[in-house]
Amino acid sequence: MGLIAWNLFSAYKMVYKMSITDQGTNLNNRSAYEQHLTSSKDLIIPYAVCIYIDANGLHELNNRLGHNAGDKMLKSVADSLQQNLPGAKLYRIGGDEFVAFPAGEDEEECRNIMSRIEEELNRCGYSISYGISARRNEKGLNRIVREADCQMLLNKKEYYSDNKNRNQR
């Protein structure tokens, strides 16, 4: 391959990587997430786990301390997910929402890991809500994502009913 062709190829790879990466967290972005779901829709997956995570209090934190504080919170969540779920496919899919597809951990291991992550983030003054779903021999990932999202929403509702003061650090 000639130098010009190699430089074009390298530039293409860099642009593509940027197009599927969330710039604030360096996780995969929503576009990469949608590609992953689409590519799984016709596959029978022997065993899959999905963890749906929401950073509690991001809006309030942004309003109170500014967007830099909110960005720091999101980066902390992303870093904790990366450290505790090595090999997982990790996505930031919305303002304060993340999705993880662990790379071999079973549902119980994921619950233990998420409990550790939750404690770690609490020590930093942050809070998350999450839901976990696991299925065997499932066609595609859409159903386990919906189930994990529903579990996260129940967890988040419980969090806000227990914490009337929504001002998170």
Side-chain angles (χ1 to χ4, degrees), residues 1 5-63 66-105 107 110 113-114 117-118 120-121 126-156 168:
M1 181 181 285
W6 179 254
N7 286 338
L8 286 173
F9 177 71
S10 295
Y12 171 78
K13 280 180 29 180
M14 184 177 70
V15 169
Y16 177 73
K17 176 75 173 151
M18 288 175 61
S19 76
I20 62 168
T21 302
D22 176 68
Q23 299 305 305
T25 62
N26 287 323
L27 298 182
N28 294 309
N29 65 16
R30 183 166 194 104
S31 178
Y33 168 74
E34 296 291 342
Q35 287 175 21
H36 184 62
L37 288 184
T38 299
S39 69
S40 78
K41 72 179 178 143
D42 294 324
L43 300 175
I44 301 297
I45 302 166
Y47 184 74
V49 178
C50 176
I51 307 170
Y52 206 106
I53 305 109
D54 185 277
N56 295 325
L58 177 64
H59 177 74
E60 293 81 4
L61 181 62
N62 282 338
N63 287 345
H67 288 274
N68 285 339
D71 292 346
K72 184 179 174 189
M73 174 193 207
L74 294 171
K75 185 71 171 124
S76 293
V77 172
D79 290 348
S80 188
L81 290 169
Q82 286 176 310
Q83 290 166 8
N84 288 283
L85 290 165
K89 290 184 190 244
L90 299 170
Y91 304 89
R92 178 177 173 210
I93 62 165
D96 59 358
E97 293 183 337
F98 301 82
V99 173
F101 297 101
E105 295 86 357
E107 185 175 4
C110 289
I113 290 167
M114 289 308 297
I117 290 172
E118 188 173 34
E120 182 180 301
L121 291 169
Y126 304 132
S127 171
I128 58 171
S129 294
Y130 61 90
I132 300 174
S133 178
R135 291 206 162 263
R136 292 191 183 284
N137 301 316
E138 186 71 14
K139 185 174 182 183
L141 295 168
N142 287 330
R143 184 158 76 162
I144 68 165
V145 169
R146 280 193 312 273
E147 289 173 351
D149 183 25
C150 287
Q151 290 299 315
M152 180 278 296
L153 290 171
L154 290 172
N155 187 279
K156 189 169 189 76
Q168 295 293 300

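Because only heavy atoms are used, hydrogens play no part in the values below, and waters and symmetry mates are left out as well, while side chains stay in.
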Could you tell me which non-hydrogen atom of Leu61 sits nearest to which non-hydrogen atom of Ala69, and how far apart they are?
CD2-O, 3.5 Å
Hey, are the side chains of Ile51 and Ile113 touching, using non-hydrogen atoms and a 4.5 Å cut-off?
no
After noting the C-alpha distance and the side-chain angles of Val49 and Glu105, does the key distance pass the side chain to side chain contact (heavy atoms under 4.5 Å, CB included) rule?
CA-CA 8 Å; Val49 178; Glu105 295 86 357; over 6 Å; no
List for me each residue that meets salt bridge (Lys or Arg N to Asp or Glu O under 4.0 Å) alongside Asp79, sequence neighbours excluded, and say none if there are none.
Lys75
Value for CD1 (Ile117) from CG (Leu121), rounded to nearest 0.5 Å, stands at 7.5 Å
Using the salt bridge (charged side-chain N to carboxylate O under 4.0 Å, His left out) rule, collect all pairs that involve residues 90-101, keeping only residues at least two apart or in two chains.
Asp22-Arg92
Is any side-chain heavy atom of Met152 closer than 4.5 Å to a side-chain heavy atom of Phe98?
no
Side chain to side chain contact (heavy atoms under 4.5 Å, CB included) partners of Ala103, counting only residues at least two apart:
none
Under 3.5 Å, is there a donor-acceptor pair linking the side chains of Asn63 and His59?
yes
Just to verify, what does Glu34 make a side chain to side chain donor-acceptor pair (under 3.5 Å) with, not counting sequence neighbours?
Arg30
Between Asn68 and Asp71, is there a side-chain heavy-atom distance shorter than 4.5 Å?
yes
Ser129: what forms a side chain to side chain donor-acceptor pair (under 3.5 Å) with it, not counting sequence neighbours?
Asn56, Asn155
Looking only at heavy atoms, the pair that brings Val99 and Cys50 closest together is CG1-SG, 3.8 Å
Looking only at heavy atoms, which two atoms of Ile20 and Gln35 are closest? And how far apart?
CG2-NE2, 4.0 Å
Calculate, to the nearest 0.5 Å, the distance between atoms CD1 and CG belonging to Ile45 and Asn137 respectively.
10.0 Å
Which residues share a side chain to side chain donor-acceptor pair (under 3.5 Å) with Asn26, sequence neighbours left out:
none
Indicate every side-chain donor-acceptor pair of residues 139-147 with a distance under 3.5 Å to a residue at least two apart or in another chain.
unit_1, atom_1, unit_2, atom_2, d
Arg143, NE, Glu138, OE2, 3.0
Arg143, NH2, Glu138, OE1, 3.1
Glu147, OE1, Ser133, OG, 2.6
Glu147, OE1, Arg135, NE, 3.2
Glu147, OE2, Arg135, NE, 3.1
Glu147, OE2, Arg135, NH2, 2.6

Kindly indicate whether the side chain of Gln82, heavy atoms from C-beta on, has any atom under 4.5 Å from the side chain of Thr25.
no
Correct closest heavy-atom pair for Gly131 and Gln151 would be CA-CB, 3.5 Å
Heavy atoms, side chains only, cut-off 4.5 Å: are Leu153 and Tyr52 in contact?
no
To the nearest 0.5 Å, what is the distance between CG (Leu81) and CD1 (Ile53)?
4.5 Å
Those residues that, when tested against His36, pass ring-ring contact (aromatic ring centres under 6.0 Å, His included) (two or more places apart):
Tyr91, Phe101
Determine the minimum heavy-atom distance between Asn29 and Ser19, stating which atoms define it.
ND2-O, 3.0 Å
Output every pair passing salt bridge (charged side-chain N to carboxylate O under 4.0 Å, His left out) with a member in residues 35-56, not counting sequence neighbours, ordered by first then second residue.
Asp54-Lys156
List in chain and number order the residues that pass side chain to side chain contact (heavy atoms under 4.5 Å, CB included) with Glu120, two or more places apart in sequence or in another chain; answer none if no residue qualifies.
Ser80, Gln83, Asn84, Arg123
Which pair of heavy atoms, one from Ser127 and one from Met73, lies closest together, and at what distance?
O-CE, 4.0 Å
